[in-house]
Structures are given as C-alpha cells and as structure tokens.
2 protein chains.
Amino acid sequence: MQPLDISSYLGRLQDYYAREKIIPSTTQLSMLWNVKARSWTHQIVQRLKEENFLENAPGSRLRPGPRFFERTVGPGVRAGRPQQTADVQPELLRIDDYLIEKPSQTILFPVKGDSMIDLGILEGDMVIIERSSSASPGEVVLAIVDNEFTLKVLARDKEGYYLEARNEARSKEYPPIRPQQKLEIYGFYVGLFRKAQVPAPRLHHPGLDR
Amino acid sequence: MQPLDISSYLGRLQDYYAREKIIPSTTQLSMLWNVKARSWTHQIVQRLKEENFLENAPGSRLRPGPRFFERTVGPGVRAGRPQQTADVQPELLRIDDYLIEKPSQTILFPVKGDSMIDLGILEGDMVIIERSSSASPGEVVLAIVDNEFTLKVLARDKEGYYLEARNEARSKEYPPIRPQQKLEIYGFYVGLFRKAQVPAPRLHHPGLDR
DNA sequence: TATTATAGAGAACGAATGTTCTGAATTCAA
DNA sequence: TTGAATTCAGAACATTCGTTCTCTATAATA
C-alpha cells in the first residue's frame with residue numbers, strides 16, 4: 001500500500017546518517033534527495049514516519065525510528081540464489097537487538113591474544129560480555145586473574161573451578177588457570193562482532209578490481 | 001583553564017541524549033539546563049565544542065563529539081583493575097554504526113559450513129556483506145557459483161581469478177574453485193557478528209552458578 | 001577598596017525551520 | 001477520454017534557530 005517507492009529515499013538517508021550521525025532538516029533532505037520542493041520532502045518524511053523509519057524528537061526534529069536500523073538478511077551463503085521475481089518479504093534484523101538482551105548490564109571488550117582461537121574468537125574482535133558474578137562450567141567467561149581481564153572457558157573438577165583456554169595448537173602455552181584463592185567472574189560471553197581488517201590496497205588490478 | 005564547571009551541564013545533556021538520541025536546540029538546552037538566556041547556553045555549548053564533547057553537524061546543528069560517550073568508571077569497579085579511570089564505553093546501539101558504513105548496500109548472510117574456519121568465520125555467524133560487483137585478490141568475497149552464494153577468498157594466478165577456502169585441516173574437501181565461465185562477485189566481506197549459543201542449562205550448581 | 005574576570009540576563013536579527021495551501025504535471029485505471 | 005490519484009513544484013507564514021551585542025550581578029584578586 002505504498003505507491004511511492006520509499007526505499008531509495010530511505011537508503012540515501014541511512015547512508016547519510018551513517019556518515020553524519022544526524023537526521024538533517026527538510027531543507028537539507030531536499031538537497032540529499034534531489035527534491036525541489038520542501039513540501040514534497042515533507043510528504044516523504046511523513047511516509048517514513050508512518051512506517052516507523054523516522055520519528056519526531058522533542059522540538060519537532062527528526063530522529064531515527066525503530067525500524068531505521070533494520071538490515072536485510074540474505075539466504076544462507078550456501079543456499080540457492082534469492083528468488084528475484086517472487087516478492088519474498090526479506091527478513092530484517094537489528095544487529096543491536098539481536099546481540100544484546102540487557103543493555104544496562106552489557107559491556108564490550110576488545111580481545112587480545114589467541115587463547116580462544118578454536119572458538120573463532122580472534123585478536124581484535126569485540127566480545128560482548130553480560131555482567132554477572134557467577135557462571136556455569138562450560139560457559140565462556142570474562143574472569144579477573146592477577147588483576148587482568150581474561151576470557152576463558154569456565155571448568156570444574158573435583159579440585160574446584162578453573163579456567164581453560166581453547167587453542168589446541170598451542171595448548172602448552174595456555175595451561176589451565178587455577179585461582180590461588182578465589183576465582184572472580186566479571187561476566188559471561190554472549191557474542192562478538194568483528195570488523196574485517198582492510199587488506200593492503202593493491203592498485204593496478206584491472207578487471208575485477210574495485 | 002575551564003573556570004566554568006562544565007561537567008554538570010554535560011551530564012544533564014548526556015542523560016538527555018541517552019533518552020532522546022538527539023542533541024536539542026539552544027532553546028531547549030536552556031530549559032534543560034535551567035539557563036534563562038540563550039546567549040549563555042550558547043556560550044556553554046561553545047565550551048563543550050572546544051572540549052570535543054559536541055561538534056557541529058551539517059546545517060549548524062549539534063551532534064555528539066568524539067568525547068561525548070566517555071564514561072567514568074566508578075572507583076569501586078576499578079579497584080586496581082587494569083583500566084583507566086576514563087574509558088570510552090561506546091553506546092551499545094552503536095555496534096551497528098561501528099560495523100556498517102553504507103547501510104543501503106549492506107546485507108547480512110548467515111554462514112553455513114566451515115570452509116572459512118581459519119579466518120574465525122564459523123557456521124551460524126552472520127557475515128556483513130557490502131554489495132559490489134568487483135573486488136581485489138586477497139579480499140574475502142561473497143561470490144555466486146553454480147547459482148549458490150559462497151564465501152571465499154578471492155585469488156588470482158596466471159590462469160585468472162579463482163576462489164580459495166580457508167580451512168587448512170580439511171583442505172582436501174575445499175579445493176580451489178575455478179569458474180567455468182565467469183566469476184560473479186556479489187559483494188565483499190566487511191565484518192561479522194555472532195551470538196554465542198547458550199550451553200545446555202546445567203541446573204543445581206550451587207556456589208558459582210548463575 | 002578598587003579592579004577584573006566570570007556568570008548570567010535580555011534584546012535583537014537575519015536565516016532556516018516545519019508546515020500548510022494551492023496548483024501544475026504525470027500516471028493509471030475506468 | 002474522462003477522472004481520480006499520485007507526484008512534484010512554488011509560495012507563504014509563523015515559529016524557532018543560531019548568533020551577536022550590550023548590560024548587570026557575582027566572585028575573586030590585588
């Protein structure tokens with residue numbers, strides 16, 4: 001029921017917001033969208049508000065609405081190609097919602113070292129930690145050992161709780177950690193995210209290069 | 001050199017921003033700060049800009065500056081921990097900002113298989129793909145081979161472009177893929193995120209359990 | 001006490017803002 | 001071909017905007 005194709009306007013605005021972190025005024029939106037009349041820009045904004053991509057902040061300014069940060073999810077990377085013709089409603093996902101359940105108790109930590117490489121946790125990754133002073137064996141936890149944060153798997157045997165690394169290839173370098181007195185748990189691992197490091201730009205590649 | 005104690009103003013503004021996700025106008029800032037004169041509000045804003053807590057967005061509006069999201073870690077939490085007093089704890093909602101530069105050209109794909117495990121890309125991860133029909137050798141790309149999406153490393157030799165897996169342990173199962181005719185690139189990998197699978201809940205663990 | 005910098009108020013102004021109204025051009029089904 | 005949406009443009013308006021200027025309090029300093 002939206003005869004006006006709003007998606008191209010929304011896309012431009014989303015890209016703008018990613019750069020500038022602000023929703024501009026109607027006047028500037030007109031320039032961004034190449035719309036001559038502010039009244040028409042206003043109209044488009046109304047549609048975007050109806051669809052919850054935008055909403056009014058105090059002072060009648062605009063801010064991103066609940067759906068503004070939705071990202072489309074494609075099919076599994078080994079499944080078939082997406083059906084172009086069939087108008088399948090694309091699945092949408094908000095990364096933040098997906099990853100974080102309790103924002104107030106969630107903290108991000110950059111990963112150092114390769115002790116958890118077998119779980120696909122690499123140096124430079126950001127792990128998402130939910131604060132908790134307790135955990136169960138088998139969970140990945142952020143513990144405080146010797147005044148340092150360390151991410152390990154919580155384990156337990158007859159002697160009590162201890163911490164295990166997950167790096168089979170270099171297991172000798174990461175022996176189990178048994179706390180001298182008490183084992184302090186800072187939180188448990190709920191997820192991670194990673195920004196690909198840009199490969200060194202290789203110029204002069206005609207053809208397939210970007 | 002700042003005789004004016006700016007921190008209380010900043011604090012009110014930070015709280016406001018956490019609620020409303022927007023930096024208000026001078027007029028509304030005056031109300032928020034209980035300042036009668038917009039000129040004085042303007043002055044305070046200038047100081048905040050000098051200290052990089054605020055900055056000007058296009059259209060002479062305000063947006064958070066680089067230091068706006070600094071949070072002071074409470075002394076109780078610190079207690080000799082390896083952390084500075086002031087740490088930049090990014091807003092959790094900004095994971096999306098961190099990962100995605102061009103929202104309109106970005107699509108998420110769930111990963112199936114373990115062909116890229118050496119790069120820490122596991123089954124069940126969500127990879128972030130930026131659309132592009134070209135790429136450079138060495139980049140991780142989402143290509144279309146035999147009508148299927150596949151995530152591989154783009155490589156090139158004298159015979160042309162081909163795709164490589166990254167799974168040393170099972171390299172025989174993932175031989176290089178040489179396209180029969182043309183190699184279609186769908187986009188390139190810019191990052192990923194992962195939700196930890198919850199371990200089977202083990203009940204009745206007194207003490208350390210949650 | 002006299003001086004001076006800081007903290008705050010008030011008025012004023014042009015520019016930009018959000019919004020509304022009217023009216024064309026275009027599309028599209030009846 | 002008629003008529004109705006839809007899409008866009010232009011003008012208009014009251015309000016708010018950021019900014020600047022001048023003018024008091026207050027506090028600290030000499």
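Note that these values count all heavy atoms, side chains included, but never hydrogens, waters or copies made by symmetry. Convention: sequence-line order gives letters A, B, ...; per-chain numbering from 1.
- Rounded to whole Å, the distance from CD1 on A:Ile22 to P on C:dA16 is 16 Å.
- Ion pairing between a basic and an acidic side chain is recognised when a charged N comes within 4.0 Å of a carboxylate O; A:Arg166 and A:Asp114 show no such pairing.
- For B:Glu55, the side chain to side chain contact (heavy atoms under 4.5 Å, CB included) partners are B:Arg63, B:Pro66, not counting sequence neighbours.
- B:Glu139 and B:Phe188 get closest at one heavy-atom pair: OE2-CD1, 3.9 Å.
- Side-chain to base pairing of B:Ser39 with C:dG8: no donor and acceptor N or O lie closer than 3.5 Å to each other.
- Summarising the geometry, the separation between NZ on A:Lys36 and C1' on D:dA9 is reported as 9 Å, rounded to the nearest angstrom.
- To the nearest angstrom, C1' of C:dA7 lies 15 Å from CG of B:Asn34.
- Taking every side-chain heavy atom of A:Ser25 into account, C:dT17 is the closest of D:dA9, D:dT19, C:dT17.
- Among the nucleotides D:dC17, D:dG10, C:dT17, the one closest to the side chain of A:Ala37 is D:dG10.
- DNA chain D is contacted by B:Ser60 of residues 56-65 of chain B, taking any non-hydrogen atom closer than 4.0 Å.
- Residue A:Ile44 contributes atom CD1, which lies 16 Å from atom P of C:dT20 at whole-angstrom precision.
- Straight-line distance from the CD1 atom of A:Ile6 to the C1' atom of D:dT7: 13 Å, rounded to whole Å.
- For the 3.5 Å distance criterion, the side chains of A:Ser30 and A:Lys36 fail to qualify, holding no donor opposite an acceptor.
- Note: CD (B:Gln28) to P (D:dT16) measures 10 Å, nearest angstrom.
- For the pair B:Tyr9 and B:Phe53, the minimum side-chain heavy-atom distance is 4.5 Å or more.
- The side chain of B:Arg38 places no N or O atom within less than 4.0 Å of a non-bridging phosphate oxygen (OP1 or OP2) of D:dC21.
- Between B:Arg47 and B:Glu50 no salt bridge is recorded (no basic side-chain N to carboxylate O distance below 4.0 Å).
- Phosphate contact (OP1/OP2 of D:dT6, side-chain N/O of A:Arg47, threshold under 4.0 Å): absent.
- Across every non-hydrogen atom of A:Leu32 and A:Leu13, the tightest pair is CD2-CA, 4.1 Å.
- Distance, B:Gln43 CD to C:dA7 P: 10 Å, rounded to whole Å.
- Nucleic acid contact for B:Val35: sugar-phosphate only, since backbone atoms but no base atoms lie under 4.0 Å from a heavy atom of the residue.
- Contact annotation: B:Tyr9 side-chain N/O to C:dG8 OP1/OP2 distance is under 4.0 Å.
- Rounded to an integer number of Å, the gap from CH2 of B:Trp40 to P of D:dT20 is 15 Å.
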